[in-house]
Amino acid sequence: MTRSRSSGADLSLELLCLRAIRYSREWNYPETDGVAMRTRISALFSEESFIRGERCEVAGWVRSLRASRNIIFMLLNDGSDLPGVQVVIEDHVSGFEELKKLGTGSAVKVTGHLVESPGSGQKWDFAAEKVEVAGRSDESYPLQKKRHSFEYLRSIAHLRPRSNTFGAVFRLRSNMAHAVHSFFRERNFLLVHTPVITSNDCEGGGELFRVATMNPEKTGAVGQADFSDDFFGCRTGLTVSGQLEGELFSLAFTDIYTFGPAFRAENSNTPRHAAEFWMVEPEMAFADLYDNTVLAEDFVKYLCRHALENSAEEMAFFDQQIERGVIERIRKVAEADFVRMEYSEAIEHLRKAPVSFNFPVEWGLDLQTEHERYITEQVTRRPVFILNYPCDIKAFYMRRNDDCKTVAAMDLLVPKIGEIIGGSQREERHDILSSAMDAHGVGKEQLWWYLESRKFGSAPHAGFGLGFERLLMYLSGMENIRDVIPFPRTPGNAGF
RNA sequence: UCCCCAGUAGCUCAGUCGGUAGAGCAGGUGGCUGUUAACCACCUUGUCCGUGGUUCGAGUCCGCGCUGGGGAGCCA
């Protein structure tokens with residue numbers, strides 16, 4: 001729907017496209033009476049021809065409607081921006097009396113033009129010449145102009161994207177997904193789509209959802225089922241991570257990343273966990289743990305800057321409605337130098353802490369949420385990498401350090417959220433990886449290919465995983481992961 | 001999965017000491033020449049989450065269950 005023409009484009013192709021658009025426009029909108037095409041509301045205020053008052057057509061859903069005898073004010077939103085546009089309908093417009101009764105949520109197309117608004121709430125009005133009702137909204141439309149609780153909005157997930165908050169959240173989500181790709185593309189990382197269905201259920205990342213075509217009512221309990229007769233001929237499930245396959249690609253394309261869904265069948269009931277979520281997982285060959293922290297720091301800062309610059313309207317909304325000061329908080333992260341701290345040093349800080357913790361602090365034990373938040377909120381007061389954890393509390397694939405007590409793991413902790421990134425340098429030495437798999441009880445029969453990658457040109461490599469939804473929570477101030485996922489899956493919830 | 005809290009009209013919530021159900025908003029009707037969560041008048045709306053118990057009587061007290069929220073664990 002762009003109205004500007006790129007100069008270098010293939011002209012004949014462009015003409016074909018324009019003709020196709022024209023045909024489709026005539027098909028879809030036979031009564032538009034010479035108006036070029038539908039204009040997105042966000043484009044209305046940024047293009048000079050519309051500001052001069054050129055006639056055009058906007059289409060969207062009614063957010064609110066105020067009618068008096070001779071005039072109707074209709075707030076129209078098409079999802080392209082937060083405020084939408086106020087459509088002013090005067091009594092000469094065809095169907096005026098019927099339009100007065102139009103319900104909130106109705107879908108309408110309006111032909112008209114921008115005029116400067118004499119009112120005080122907005123700069124521009126859209127003066128209607130013609131209003132077509134595409135779809136009326138029933139009087140039971142559940143979204144009201146006043147504030148709803150997020151809990152209630154979750155129960156109407158089919159309609160909540162039409163609310164201000166979720167409009168902002170999902171525009172931010174879309175922008176940040178693009179930012180993830182642009183960050184890695186600028187650095188010449190290869191995007192790899194790792195499989196969603198996997199046969200290795202021992203990646204260390206929690207319970208798998210089973211994938212099968214067999215009918216459990218006929219074959220009995222899954223534990224007794226014979227998977228050799230099933231579709232894949234073996235036990236399969238939904239992936240918990242694309243990392244292992246990502247490593248294989250990094251050993252061919254050097255720098256790669258995956259960005260896709262991951263699934264965990266854990267019975268987690270917290271505001272930070274979902275059964276289906278999206279992960280960003282870069283992997284770099286010929287890179288060590290330090291390189292990994294550099295990439296992670298650049299990545300997080302890039303994403304913060306991107307949100308502030310490219311979702312400024314949404315960030316201003318979050319700052320006002322969701323979390324006061326969120327813009328300043330994100331700006332500080334974008335400018336901060338992240339701290340790098342050894343696990344052992346973190347333990348020392350915790351032992352010396354003038355506060356008491358509910359969980360014990362001792363070298364060899366994992367850091368609890370309360371410990372992580374103390375470090376990043378009280379000790380460093382900025383994002384901090386915790387490096388080189390004891391091997392016993394980390395996954396089998398992490399590289400054993402020379403002290404034989406720690407592995408080259410890293411967690412990035414940020415104020416308010418805690419862990420936002422987890423990663424490591426990978427064990428590239430065949431014999432050490434082999435014994436680590438034995439020690440962790442990881443089946444080599446299933447992961448033979450992973451182990452074998454260490455036989456043919458194995459190289460030092462490192463990578464990390466960033467939970468995309470946790471990033472969105474961090475950027476927006478939204479406090480429940482269910483409110484940054486379009487249709488969230490959590491225990492007992494897959495209804496939409 | 002464990003601990004704590006909550007569930008009353010379509011939504012947000014009030015409901016006193018256990019005495020028989022309320023407000024605002026939404027919706028409906030009418031009014032209003034420029035509104036801004038419009039305003040004014042009138043009107044409609046209840047399995048008080050379910051279930052069992054205590055009691056002359058339960059929205060209110062007790063048990064169990066369901067759902068939601070917060071915290072913890074698991075983790076991203």
Side-chain angles (χ1 to χ4, degrees), chain A residues 63-75 83-91 100-101 103-105 115-122 125 127 137-156 159 163-164 203-207 240-243 259-281 321 357-359 366-370 372-373 393-395 411-414 417-423 464-474 479-485 490-493 495:
Chain A
R63 281 290 177 83
S64 74
L65 189 133
R66 295 177 287 273
S68 55
R69 183 193 293 258
N70 297 324
I71 194 162
I72 300 170
F73 298 95
M74 174 198 281
L75 189 56
V85 68
Q86 175 164 275
V87 176
V88 180
I89 306 164
E90 295 185 321
D91 55 1
K100 274 186 177 180
K101 296 176 193 158
T104 312
V115 292
E116 281 194 58
S117 177
S120 57
Q122 59 287 315
D125 287 337
S137 182
D138 190 86
E139 67 193 40
S140 64
Y141 185 67
L143 275 174
Q144 297 170 19
K145 280 169 277 188
K146 66 171 189 171
R147 198 180 178 93
H148 288 291
S149 68
F150 291 143
E151 292 80 10
Y152 172 66
L153 289 167
R154 267 170 234 154
S155 73
I156 52 165
L159 294 169
S163 65
N164 283 340
E203 290 175 6
E207 284 294 307
V240 297
S241 162
Q243 179 198 315
F259 183 19
F263 306 87
R264 306 270 165 97
E266 299 286 353
N267 190 13
S268 296
N269 287 290
T270 84
R272 287 195 267 283
H273 291 84
E276 176 180 311
F277 62 100
W278 281 58
M279 268 210 295
V280 184
E281 297 178 286
Q321 300 290 333
F357 297 110
N358 292 321
F359 289 87
D366 206 359
L367 300 182
Q368 302 294 319
T369 301
E370 58 176 355
E372 294 180 339
R373 292 192 62 163
I393 58 173
K394 288 292 180 182
D411 283 354
L412 177 61
L413 312 180
V414 293
I417 295 269
E419 182 181 342
I420 198 168
I421 279 178
F464 60 82
L466 173 136
F468 187 56
E469 284 80 7
R470 291 201 180 161
L471 169 79
L472 295 175
M473 292 165 71
Y474 189 59
E479 290 183 337
N480 195 310
I481 198 168
R482 287 151 217 202
D483 297 328
V484 296
I485 298 176
T490 51
N493 286 297

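Proteins get letters first, then strands, A, B, ... in listed order; numbering begins at 1 in each. What you see is a predicted model, and the numbers here were worked out from it, not measured in a lab.
- Atom pair A:Ile156:CD1 and B:U12:C1' shows a separation of 13 Å (rounding to whole Å applied).
- B:U55 and B:U16: their P atoms are spaced 23 Å apart (whole Å).
- When the P atom is used for both B:U35 and B:G24, the distance is 25 Å, rounded to whole Å.
- No hydrogens or angles were tested; on distance alone, nothing pairs the side chain of A:Lys145 with the base of B:C25 as donor and acceptor under 3.5 Å.
- Side-chain to base pairing of A:Asp125 with B:G34: one donor and one acceptor N or O lie within less than 3.5 Å of each other.
- B:C75 and B:G18 have their P atoms separated by 48 Å, given to the nearest Å.
- You'll find a donor-acceptor pair under 3.5 Å spanning the side chain of A:Asn269 and the base of B:U1, going by distance alone.
- Across B:G68 and B:A23, the matching P atoms stand 31 Å from one another, rounded to whole Å.
- A donor-acceptor contact under 3.5 Å is formed by the side chain of A:Ser268 with the base of B:C74.
- Put simply, CD on A:Glu139 is 18 Å from P on B:C25, counting in whole angstrom units.
- The base of B:U36 lies close enough to the side chain of A:Gln122 for a donor and an acceptor atom to sit less than 3.5 Å apart.
- Separating the CZ atom of A:Arg66 from the C1' atom of B:U33 is a distance of 15 Å, rounded to the nearest angstrom.
- Taking 4.0 Å as the cut-off between side-chain N and carboxylate O, A:Lys100 and A:Asp91 do not count as a salt-bridged pair.
- With hydrogens and angles left out, the side chain of A:Gln86 and the base of B:U35 share a donor-acceptor pair within 3.5 Å.
- Across all strands shown, A:Gly121 has heavy atoms under 4.0 Å from base atoms, whether or not it also approaches the sugar-phosphate.
- Atom CD of A:Glu479 sits in a sparse spot, with 12 or fewer heavy atoms from other residues, nucleotides or ligands closer than 6.0 Å.
- Straight-line distance between the P atoms of B:U8 and B:C3: roughly 24 Å, to the nearest whole Å.
- Checking the phosphate oxygens (OP1, OP2) of B:G69, a side-chain nitrogen or oxygen of A:Arg482 falls inside 4.0 Å.
- The salt bridge (charged side-chain N to carboxylate O under 4.0 Å, His left out) test applied to A:Glu370 returns no partner, not counting sequence neighbours.
- Between the CZ atom of A:Arg272 and the C1' atom of B:G71 there is a distance of 10 Å, given to the nearest Å.
- Atom-to-atom, CD of A:Glu151 to C1' of B:C13 comes out at 14 Å; the value is rounded to the nearest Å.
- Counting atom types as modelled, A:His148 pairs no side-chain N or O with a base atom of B:C11 as donor and acceptor under 3.5 Å.
- Looking at heavy-atom distances under 4.0 Å, A:Asn358 makes no contact with the nucleic acid at all.
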